[in-house]
Amino acid sequence: MIRKFGLEAALGTLAQLTQGVIGLALLLVAHSVGFSVTTGAVAVAAYALGMSVGRPAQGRALDRFSAASVIVACGVGHGVFYGLLAVVAHQRLAVLFVVAAFFAGLTLPPIATQMRAAWPVGRPASSVPRVFATITMLQTLSVLIAPVLFTVVQVAWTPTAAMLVVASVSAVCTIAFGLVCVSVPVGPRGGARYLSLLIGTALVGAVTGSIEVVGPALALSAGHPGFAGPLATVATIGTLVGALVAMRRSVSAYVALSLQIVGAAVLLVPSSLIVAGVGLVVLGLGITPTLALLSTAMSRRAGGTAESFGWQSTALGLGVTGGSALAGSLVAAGAHLSALPCLVGALGTLLVAPQLAAVPVTADQPA
């Protein structure tokens with residue numbers, strides 16, 4: 001899969017760097033110019049809101065127009081607003097900082113949406129879940145690369161310089177991706193047919209969002225703040241390993257959800273940080289296979305439209321936001337309770353598991 005779409009994969013991974021580091025970038029730039037932590041957090045929320053609003057509209061545009069025109073336009077707009085964030089921050093314009101963050105999210109190029117709509121076309125139905133797992137793995141790689149690049153530039157210069165470097169790399173690669181990717185124009189379809197799959201995606205997003213809180217919360221509670229980063233890393237490693245497995249073979253929805261449930265149960269029981277790390281890895285193993293099956297079911301239910309995948313990205317983003325917020329609110333009651341959204345999200349996804357388990361693997365055309 002990566003060999004066939006090697007150039008798109010490489011460019012797409014680098015094009016998504018801004019998405020992988022946005023929270024860190026906004027908070028550090030806000031802090032460097034004297035904005036309050038609240039202003040930085042509101043800017044992050046505004047960015048997430050803009051992304052959630054923009055994804056379905058971008059997907060519909062991909063269905064109706066050429067991918068090059070949509071992605072290049074979004075790449076230019078995103079680069080402009082990302083750069084504007086640095087300018088208004090150094091002018092101490094807090095309101096405009098939040099507004100620019102919203103429009104940076106609104107114009108975030110639909111790289112993964114385009115991949116999900118185009119890459120499965122013409123491939124045997126049995127390999128489609130592996131295609132979606134590959135796309136998720138590339139997004140995970142982007143999330144791993146972005147903070148490293150940002151940190152290196154920040155140490156050498158400033159957070160603002162790091163933001164501009166990441167934005168520049170992302171913009172150039174986005175435009176290049178738009179010029180080489182294949183358009184798959186189709187007619188837009190209604191969303192009522194896949195509402196249950198959107199709910200399932202939001203629940204998986206809640207699991208992902210709460211993981212971002214659980215690791216640091218457990219480390220701080222145990223009096224070892226230095227372990228906050230490593231615990232977050234092992235969860236990402238679990239997700240990456242799960243993606244690598246799902247890329248090579250089909251994974252049952254019930255197996256993937258069972259891994260999430262077991263991992264969440266381990267985290268809910270007070271124990272050592274080593275055991276917690278194991279729980280985070282197990283939890284992460286089941287996320288990508290579940291998302292791959294949800295995307296496969298979405299592709300069949302909605303005819304592979306980019307708009308449907310745009311709505312799926314919105315559902316995932318809202319789930320991540322809700323999961324992290326709920327996990328954060330539970331930290332005060334107990335660090336281990338912050339893992340409760342993981343368990344609830346995985347159990348809730350069981351409601352759509354029959355739809356995922358019933359995804360045909362013999363027919364090559366969407367139903």
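Note: hydrogens, waters and symmetry copies are ignored here, and every other heavy atom, side chains too, is used.
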Trainee: Name the atoms and distances for all side-chain donor-acceptor pairs under 3.5 Å in residues 319-335, with sequence neighbours left out.
Mentor:
unit_1, atom_1, unit_2, atom_2, d
Thr321, OG1, Gly317, O, 3.0
Ser324, OG, Val320, O, 3.0
Ser324, OG, Thr321, O, 3.0
Ser329, OG, Leu326, O, 2.6

Trainee: With sequence neighbours excluded, tell me which residues meet side-chain contact (heavy atoms from CB on, under 4.5 Å) with Leu14.
Mentor: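 Residues passing side-chain contact (heavy atoms from CB on, under 4.5 Å) with Leu14: Leu17, Cys173.
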Trainee: Which side chain to side chain donor-acceptor pair (under 3.5 Å) pairs, counting each pair once, include a residue from residues 281-295, with sequence neighbours left out?
Mentor: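 Those involving residues 281-295 are Gln260-Thr290, Ser295-Gln312.
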Trainee: Please report the interatomic distance CG(Leu11) to CG(Leu138), rounded to the nearest 0.5 Å.
Mentor: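 So the gap between those two atoms works out to 11.5 Å.
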Trainee: Applying ring pair (Phe, Tyr, Trp, His ring centres under 6.0 Å), can you list everything that pairs with Phe177, at least two apart in sequence or on another chain?
Mentor: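 Phe177: no ring pair (Phe, Tyr, Trp, His ring centres under 6.0 Å) contacts found.
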Trainee: What I'd like to find out is whether the side chain of Arg301 reaches to under 4.5 Å of the side chain of Ser308, using heavy atoms alone.
Mentor: no
Trainee: Would you find a donor on one side and an acceptor on the other, under 3.5 Å apart, between the side chain of Ser170 and the backbone of Ala15?
Mentor: yes
Trainee: Do Gln154 and Met163 come within less than 4.5 Å of each other through their side chains, counting heavy atoms only?
Mentor: no
Trainee: Should Ile135 and Phe132 count as side-chain neighbours, where that means a heavy-atom distance under 4.5 Å?
Mentor: yes
Trainee: Using a 3.5 Å distance criterion without hydrogens, assess whether the side chain of Thr158 forms a donor-acceptor pair with backbone atoms of Ala161.
Mentor: yes
Trainee: With the side chain counted from C-beta on, respond yes when Cys74 and Leu108 share a heavy-atom pair under 4.5 Å apart, and no when they do not.
Mentor: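 When only atoms from C-beta onward are counted, Leu108 and Cys74 do not touch, as no gap falls below 4.5 Å.
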Trainee: Between the main-chain N or O of Thr136 and the side-chain N or O of Thr140, is there a donor-acceptor pair closer than 3.5 Å?
Mentor: yes
Trainee: Quick one: does Asp63's side chain have a donor or acceptor within less than 3.5 Å of a partner on Thr305's backbone?
Mentor: no
Trainee: Any sub-3.5 Å donor-acceptor pair from Ser32's side-chain atoms to Val29's backbone N or O?
Mentor: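 Flag set: sc Ser32 to bb Val29 pair under 3.5 Å.
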Trainee: Under the side-chain contact (heavy atoms from CB on, under 4.5 Å) test, which residues partner Leu106, sequence neighbours left out?
Mentor: Val53, Phe102, Phe103
Trainee: Can you tell me which residue pairs pass the side chain to side chain donor-acceptor pair (under 3.5 Å) test with a partner in residues 331-343, sequence neighbours excluded?
Mentor: none
Trainee: The criterion is side-chain contact (heavy atoms from CB on, under 4.5 Å); which residues satisfy it with Ser36, sequence neighbours excluded?
Mentor: Thr38, Thr39
Trainee: Quick one: which residue pairs count as a side chain to side chain donor-acceptor pair (under 3.5 Å) with a foot in residues 216-225, not counting sequence neighbours?
Mentor: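 Listed once each, the pairs would be none.
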Trainee: Is any side-chain heavy atom of Val143 closer than 4.5 Å to one of Gln16?
Mentor: no
Trainee: Considering only distance and modelled atom types, tabulate donor-acceptor pairs under 3.5 Å from the side chains of residues 208-220, sequence neighbours left out.
Mentor:
unit_1, atom_1, unit_2, atom_2, d
Thr208, OG1, Val204, O, 3.2
Ser210, OG, Ala206, O, 3.0
Ser210, OG, Val207, O, 2.9

Trainee: For a quick test of your reading: what N or O donor-acceptor pairs under 3.5 Å do the side chains of residues 76-100 make, sequence neighbours left out?
Mentor:
unit_1, atom_1, unit_2, atom_2, d
His78, ND1, Ala104, O, 2.7
His78, NE2, Thr18, OG1, 2.9
His90, NE2, Thr160, OG1, 2.6
Arg92, NE, Val33, O, 2.9
Arg92, NH1, His90, O, 3.4

Trainee: Going by side-chain hydrogen bond (donor to acceptor under 3.5 Å, both in side chains), name the residues that satisfy it together with Thr151, two or more places apart in sequence or in a different chain.
Mentor: none
Trainee: Residues in side-chain contact (heavy atoms from CB on, under 4.5 Å) with Val275, at least two apart?
Mentor: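 Partners of Val275 under the side-chain contact (heavy atoms from CB on, under 4.5 Å) test: Val266, Ser271, Ser272.
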Trainee: Given Met137 and Leu141, is the side chain to side chain contact (heavy atoms under 4.5 Å, CB included) satisfied, shown in steps?
Mentor: CA-CA 6 Å; Met137 188 207 69; Leu141 286 177; 3.9 Å; yes
